[in-house]
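It should be emphasised that the depicted structure is a prediction, and the values quoted were computed from it without experimental measurement.
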Amino acid sequence: MKSLKRLFLLITVLSITFACTDFTTDKELKVGLEKDITFLADDALEGRAIGTPGEEKAANYIAEAFEKIGLSPKGTDGYFQPFTVKKSTNPHEEAVVGTNGEGVTGRNVAGFIDNGSDYTVVIGAHYDHLGYGAEGSLFRGEPAIHNGADDNASGTSAVIQLAKILKSKKSKYNFLFLAFSGEENGLWGSNYFSKNSTVDLASVNYMINMDMVGRMNEEKTVAINGVGTSPLWIEQLDAINSDSLKLVTSESGVGPSDHTSFYLQDLPVLHFFTGQHEDYHKPSDDADKINYDGLVLVVRYIERLVDELNGEEKLAFTKTNDSSGDNPRFTVSLGVVPDYLFDGQGMRIDGVTDGKPAAAAGMKKGDIVVKLGDSTIVDMMSYMRALSGFAAGQQTVVEYKRGEELKAAQIKF
């Protein structure tokens, strides 16, 4: 009898272990990420622009991956949610639904894990990119395929692999995995989904968005935006940082990526990002430049966050100070790429565009803007506010630090 009891106990322990364990090793995870990105960022998909055959191939790949993992379809047409929208000029404006065949048609891809919970966690990323360039490209040569390995095959692959990991676990929450199209055109896909959700948005606990998470630097820096959208975020994000990542956080729930669409529906959000680079929005953003080991760290970090929140009740939502209505609007550009991972005083430049005011003034990558006109620049938001005060044709003085030297230059917008 004792032997039977021991056997029963062993079976029970093993059952619990199998139900709660992720059997994906880091090596397997890395292989899966590389496989996904290599496919999505291949020339054969011609840059995955919304409404193109390449976008359709990418959507089919994601849907097939969801089906293989065992996710339930959660679109309006199986795994797909088709939408037709007209061109938007503002990334924070609501997508305009096209009628009578007007506009361009894209497809969101949605897969669901039903754990019988009252609450659902949304994990998403956009899978579209710039096609052959055109609007949004920073490349000055002839039209060429923009493969978008980091932007955003990296985030898409992370969604797929997290779906695989979380399908093997027993959770107190349901999970909705979303791949959005039309992000590069103005958050079209996520905007449409947030207005036409296939789950009750009142049941959504929080939303995690991954956009450009494939180029982690040597300092292991990860930017996490949206930490002000729930009082719980900061405490949890620090507690799970077992890989000694350098976390650079910002409170705002609004930004140039798909988490904004969910924040504007009064939902807690987080946006993960490993930084800008010289290949951003250029044909050179290819799969062989991805830091796959770094991407593994991002996926594992998010996995730990989801696990840590598994016992929590529904997260409280808080509005952040710079919500969409307070976002500065500007009609001029300095012609620089900001370093979004910089956590010091000022706005550090990560790239300078030829032919723009900064280049004409002799500014370089690594310079830190500390004053623009009469405005002191302490961070990205103060830089944007200062920029919004100028119009085309106006002149002003920009002050910036190059190393320890403070320099000044006259610029004309």
Side-chain angles (χ1 to χ4, degrees), residues 136-141 149-151 154 211-225 244-250 252 255-257 271-286 288-291 294-295 297-298 328 330 332-390 395-413:
S137 175
L138 297 178
F139 181 61
R140 295 294 175 258
D150 188 29
D151 186 15
S154 64
D211 196 349
M212 295 180 63
V213 287
R215 298 285 284 268
M216 184 180 285
N217 61 23
E218 292 181 359
E219 295 177 308
K220 299 198 298 185
T221 307
V222 180
I224 308 177
N225 306 311
S244 300
L245 302 175
K246 180 184 177 183
L247 305 181
V248 178
T249 61
S250 70
S252 179
S257 193
H271 166 218
F272 287 81
F273 170 64
T274 55
Q276 211 94 338
H277 45 77
E278 61 183 9
D279 301 306
Y280 172 68
H281 279 200
K282 294 179 181 177
S284 51
D285 183 8
D286 288 323
D288 60 355
K289 295 182 179 178
I290 296 295
N291 178 354
L295 185 50
L297 293 178
V298 173
F330 42 88
V332 297
S333 169
L334 195 57
V336 301
V337 177
D339 184 349
Y340 293 97
L341 299 185
F342 180 61
D343 56 354
Q345 183 123 335
M347 188 282 291
R348 188 165 67 187
I349 296 173
D350 206 32
V352 178
T353 304
D354 290 341
K356 297 293 184 178
M363 300 177 74
K364 299 179 180 179
K365 177 178 179 177
D367 290 346
I368 301 172
V369 177
V370 294
K371 196 169 184 180
L372 188 60
D374 295 328
S375 301
T376 299
I377 309 302
V378 294
D379 55 14
M380 182 64 63
M381 186 53 63
S382 61
Y383 166 70
M384 292 170 67
R385 288 197 183 101
L387 202 59
S388 68
F390 294 95
Q395 297 186 56
T396 191
V397 174
V398 59
E399 294 183 13
Y400 58 96
K401 291 182 69 175
R402 181 173 293 169
E404 296 301 317
E405 184 182 3
L406 182 63
K407 300 172 74 72
Q410 186 85 18
I411 59 168
K412 182 178 180 180
F413 292 108

Please say whether more than 12 non-hydrogen atoms of neighbouring residues, nucleotides or ligands are located less than 6.0 Å from NZ in K220.
yes
Please indicate whether D374 has more than 12 foreign heavy atoms, meaning atoms of other residues, nucleotides or ligands, lying under 6.0 Å from its CG.
no
Any side-chain heavy-atom pair from [X] and [Y] closer than 4.5 angstrom?
| X | Y | value |
| --- | --- | --- |
| L372 | E399 | no |
| V398 | V369 | yes |
| V370 | Q345 | no |

Using side-chain hydrogen bond (donor to acceptor under 3.5 Å, both in side chains) as the criterion, list what pairs up with [X], not counting sequence neighbours.
| X | answer |
| --- | --- |
| S375 | none |
| S250 | N225 |
| T396 | none |
| N291 | none |

Specify the closest pair of heavy atoms between [X] and [Y], including all atoms of both residues, with the distance to one decimal.
| X | Y | answer |
| --- | --- | --- |
| S257 | D211 | OG-OD2, 2.7 Å |
| V336 | A358 | CG1-CB, 3.4 Å |
| F272 | V213 | O-CG1, 3.3 Å |

Can you tell me how far apart [atom1] ([X]) and [atom2] ([Y]) are? Round to the nearest 0.5 Å.
| X | Y | atom1 | atom2 | value |
| --- | --- | --- | --- | --- |
| M347 | I368 | CE | CD1 | 10.0 Å |
| F273 | S154 | CZ | OG | 10.0 Å |
| K364 | I349 | NZ | CD1 | 12.0 Å |
| E219 | S244 | CD | OG | 13.0 Å |

All salt bridge (charged side-chain N to carboxylate O under 4.0 Å, His left out) counterparts of D339, not counting sequence neighbours:
R348
Take L334 and Y383 through the test side chain to side chain contact (heavy atoms under 4.5 Å, CB included) and record every step on the way to the result.
CA-CA 10 Å; L334 195 57; Y383 166 70; 3.4 Å; yes
Let me have the donor-acceptor pairs involving side chains of residues 274-283, under 3.5 Å, with sequence neighbours excluded, atom names and distances please.
| from | atom 1 | to | atom 2 | distance (Å) |
| --- | --- | --- | --- | --- |
| T274 | OG1 | M212 | O | 3.2 |
| T274 | OG1 | G214 | N | 3.4 |
| T274 | OG1 | R215 | N | 3.2 |
| H277 | ND1 | D279 | N | 3.3 |
| H277 | ND1 | Y280 | N | 3.4 |
| H277 | NE2 | D150 | OD2 | 2.8 |
| D279 | OD1 | S284 | OG | 2.6 |
| D279 | OD1 | K289 | NZ | 3.2 |
| D279 | OD2 | R215 | NH1 | 3.4 |
| D279 | OD2 | R215 | NH2 | 2.9 |
| H281 | ND1 | G136 | O | 2.7 |
| H281 | NE2 | D151 | OD2 | 3.1 |
| H281 | NE2 | E184 | OE1 | 3.3 |
| K282 | NZ | E278 | O | 3.2 |

Trace of the side chain to side chain contact (heavy atoms under 4.5 Å, CB included) decision for V222 with V248
CA-CA 6 Å; V222 180; V248 178; over 6 Å; no
For T376, check side-chain contact (heavy atoms from CB on, under 4.5 Å) against everything at least two apart and list the hits.
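Expected list: V378.
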Side-chain donor-acceptor pairs of residues 400-413 under 3.5 Å, sequence neighbours excluded:
| from | atom 1 | to | atom 2 | distance (Å) |
| --- | --- | --- | --- | --- |
| R402 | NE | D367 | OD1 | 2.9 |
| R402 | NH2 | G362 | O | 3.0 |
| R402 | NH2 | D367 | OD2 | 2.9 |

